[in-house]
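All remarks here apply to the structure that follows.
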Amino acid sequence: MERKIETQVKGFHAIDGGGVHLVRVLGNTTVKAFNPFLMLDSFDSTNPEDYVAGFPMHPHRGIETITFVAHGNMRHKDSMGFEDIVQDGEVQYMSAGSGILHEETIPASPRMCGLQLWLNLPAKDKMTKPSYKAIKKNEIPEVPLIHGKVRVLMGNYEGTQGYQSHHLPLDYYDIHLDPGASLTWKVDRERAAMGFTLQGEVIVAGNVIPEKTAVRFTEGDTVTITAGKDPVEFMFMSSLELDDPIHWGGPIVMDTREGLLTAFQELETGTFLKDKMDVEK
């Protein structure tokens with residue numbers, strides 16, 4: 001059965017971090033509709049003043065952040081002194097687990113474009129050891145199409161294997177289609193699925209999805225998209241829904257209010273960090 005559109009969200013302009021201009025597409029008002037995807041921020045600018053302020057040192061606990069840089073570059077530095085960079089077409093996958101402190105600086109470039117996705121961690125994994133992985137271009141398989149390509153950022157696409165997440169399974173595709181081209185692929189019926197039009201518009205089951213719009217798909221085992229009159233870059237994500245309660249405060253998401261309050265108390269007392277972050281090469 002082909003999946004259709006259940007929910008569609010355009011997003012709104014926001015300023016975050018040190019003064020970064022972005023579009024907040026998913027947030028605390030869309031948690032139920034897009035479970036287990038918590039937040040999605042999109043950024044796309046040719047004006048460095050929109051983003052060079054970056055994101056000063058800040059905490060995370062209880063989530064995984066997946067940052068895709070389509071154009072430009074982003075530099076990571078954490079409280080343990082580790083530094084890394086992801087650039088054109090690469091992914092930063094960070095499992096915050098029990099807690100990290102990090103900053104992201106964004107140097108000026110001709111164009112800064114991409115998105116950051118927050119994936120909830122199951123209650124049993126909220127306090128797991130944090131980890132970091134930069135998924136470089138040579139680690140991202142590409143599946144050629146007659147009228148485009150699929151880059152397997154994470155998970156599995158029609159038998160082509162990409163990097164595997166640690167906790168919730170995540171299939172994450174960067175799909176490029178020529179104008180008017182269509183693509184159909186299989187999706188595990190048990191998984192929640194969403195998409196985002198990073199560039200261009202697509203048509204899904206007769207619905208036109210404008211650029212910079214998130215959609216939640218209905219249940220089913222296939223998805224079909226058709227590009228509009230311009231080339232398309234469509235981001236697709238699927239994972240398993242969670243039944244856990246959500247208590248969300250800023251950069252921290254826990255399954256109990258007590259856990260959330262404890263996290264902020266530990267930030268104040270300097271006891272927030274529990275484990276040194278594992279860095280995968």
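Here the structure is a predicted model, which is why all the values come from computation and not from measurement.
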Determine, stepwise, if the pair T30 / T7 fulfils side chain to side chain contact (heavy atoms under 4.5 Å, CB included). CA-CA 10 Å; T30 58; T7 306; over 6 Å; no
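- Here the side chain of D221 pairs a donor or acceptor atom with the backbone of M1 at under 3.5 angstrom.
- Taking 4.5 Å as the limit, every side-chain heavy atom of D278 sits out of range of all side-chain heavy atoms of E280.
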Could you give me the CA-CA distance, side-chain angles and deciding distance for E64 and L170, then say whether side chain to side chain contact (heavy atoms under 4.5 Å, CB included) is met? CA-CA 11 Å; E64 297 188 305; L170 175 65; over 6 Å; no
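- T213 contributes atom OG1, which lies 8.5 Å from atom CD of E211 (distance to the nearest 0.5 angstrom).
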From CA spacing to verdict: side chain to side chain donor-acceptor pair (under 3.5 Å), E2, T222: CA-CA 5 Å; E2 186 174 308; T222 63; 4.8 Å; no
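- Hydrophobic clustering, with ILVMFWY side chains joined whenever heavy atoms are under 4.5 angstrom apart, groups F43 together with F55.
- Judged purely by atom type and a 3.5 angstrom limit, R3 uses its side chain to pair as donor or acceptor with the backbone of G220.
- Contact record, L119 with L38: C-CD1, 4.4 Å, taken as the closest heavy-atom pair.
- Contact annotation: the side chain of I5 approaches that of F217 to within less than 4.5 Å [non-hydrogen atoms, C-beta and beyond].
- Counting heavy atoms from C-beta outward, R151 and H176 have side chains that approach closer than 4.5 Å.
- Hydrophobic clustering places L273 together with M57 (ILVMFWY residues linked when any side-chain heavy atoms are closer than 4.5 Å, directly or through intermediates).
- Residues passing the salt bridge (charged side-chain N to carboxylate O under 4.0 Å, His left out) test with D171 are R191, sequence neighbours excluded.
- Looking only at distances, a side-chain donor or acceptor of K126 sits under 3.5 Å from a matching main-chain atom of L121.
- Expressed to the nearest 0.5 Å, how far CD1 of I85 lies from CD of E104 amounts to 12.5 Å.
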Evaluate the criterion side chain to side chain contact (heavy atoms under 4.5 Å, CB included) for residue pair N47 and M112; output intermediate values, then yes/no. CA-CA 8 Å; N47 180 6; M112 184 64 193; over 6 Å; no
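- Atom CD of Q199 and atom NE2 of H71 lie 4.5 Å apart (nearest 0.5 Å).
- Across all non-hydrogen atoms, the minimal contact from V52 to P107 is CG1-C, 4.4 Å.
- The same ILVMFWY cluster, assembled from side-chain heavy atoms under 4.5 Å apart, contains both Y163 and L115.
- Counted by atom type alone, T67 and Q116 present one or more donor-acceptor pairs between their side chains at under 3.5 Å.
- Distance CD1/I175 to CG/L153: 9.5 Å, rounded to 0.5 Å.
- No donor-acceptor distance shorter than 3.5 angstrom exists from the side chain of H60 to the backbone of H58, with no hydrogens or angles considered.
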Do H102 and M94 pass the side chain to side chain contact (heavy atoms under 4.5 Å, CB included) test, and can you show the C-alpha distance, the side-chain angles, and the key distance before you say yes or no? CA-CA 10 Å; H102 80 137; M94 189 171 66; 3.4 Å; yes
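- More than 12 non-hydrogen atoms from other residues, nucleotides or ligands lie less than 6.0 angstrom from NZ of K10.
- Within 6.0 Å of NZ on K136 lie more than 12 heavy atoms contributed by other residues, nucleotides or ligands.
- Residues D41 and V20 have side chains not in contact (no heavy-atom distance under 4.5 Å, counting atoms from C-beta outward).
- Hydrophobic clustering (ILVMFWY, side-chain heavy atoms < 4.5 Å, transitive): L177 and V215 are in one cluster.
- Salt-bridge annotation for E90 and K137: absent, with no side-chain N of the basic residue lying under 4.0 Å from a carboxylate O of the acidic one.
- T218 places a side-chain N or O within 3.5 Å of a backbone atom of K4 that can act as its donor or acceptor partner.
- One finds the CG atom of D174 at 8.0 Å from the CD1 atom of I140 (value rounded to the nearest 0.5 Å).
- For the pair N207 (side chain) and V204 (backbone), a donor-acceptor distance under 3.5 Å is present.
- Within 6.0 Å of NZ in K77 there are 12 or fewer heavy atoms belonging to other residues, nucleotides or ligands.
- Using a cutoff of 4.0 Å between basic side-chain nitrogens and carboxylate oxygens, E241 and R216 are scored as salt-bridged.
- For the pair L26/M194, a side-chain contact is recorded, criterion being any heavy-atom separation below 4.5 Å from C-beta on.
- One hydrophobic cluster, built from ILVMFWY side chains closer than 4.5 Å, cannot hold both M39 and V9; they sit in different ones.
- Side chains of T271 and E266: a donor-acceptor N/O pair is absent below 3.5 angstrom, by distance only.
- Proximity of a side-chain donor or acceptor of R61 to a complementary backbone N or O of G259 within less than 3.5 Å is not detected.
- More than 12 non-hydrogen atoms from other residues, nucleotides or ligands lie less than 6.0 angstrom from CG of N138.
- Counting only heavy atoms from C-beta outward, the side chains of T197 and V232 never approach each other to under 4.5 Å.
- The heavy-atom pair separating A70 from L198 by the smallest distance is CB-CD2, 3.9 Å.
- Crowding of R257 atom CZ: a count of heavy atoms from other residues, nucleotides or ligands under 6.0 Å not exceeding 12.
- Shortest non-hydrogen contact noted between N156 and E158 is OD1-N, 3.6 Å.
- To the nearest 0.5 Å, the span separating CE on M237 from CG on L117 amounts to 5.0 Å.
- A distance-only check finds a donor-acceptor pair linking the side chain of D88 to the backbone of G72 [under 3.5 Å].
- Sparse packing is recorded around CD of E219, with 12 or fewer heavy atoms of other residues, nucleotides or ligands lying under 6.0 Å away.
- A 4.5 Å side-chain heavy-atom check between H21 and S45 finds every atom pair outside the cut-off.
- In this structure, the side chain of D244 engages the main chain of A123 through a donor-acceptor pair within 3.5 Å.
- Of the charged side-chain nitrogens involved, at least one lies within less than 4.0 Å of a carboxylate oxygen, so that K212 and D44 count as a salt-bridged pair.
- Between W248 and W118, the ring-plane angle classifies as tilted under the 30° and 60° cut-offs.
- The minimum heavy-atom distance linking P179 with D230 is given by the pair CG-C, 3.7 Å.
- Inter-residue side-chain proximity for P36 and L240 is flagged as unmet; no heavy-atom pair is nearer than 4.5 Å.
- Taking the centre of each ring, Y132 and F82 come in below the 6.0 Å mark.
- A96 approaches P130 most closely through the heavy-atom pair O-CB, 3.2 Å.
- Here the rule is ring pair (Phe, Tyr, Trp, His ring centres under 6.0 Å) with F236, and of F68, F196, W185, F37 only W185 fits it.
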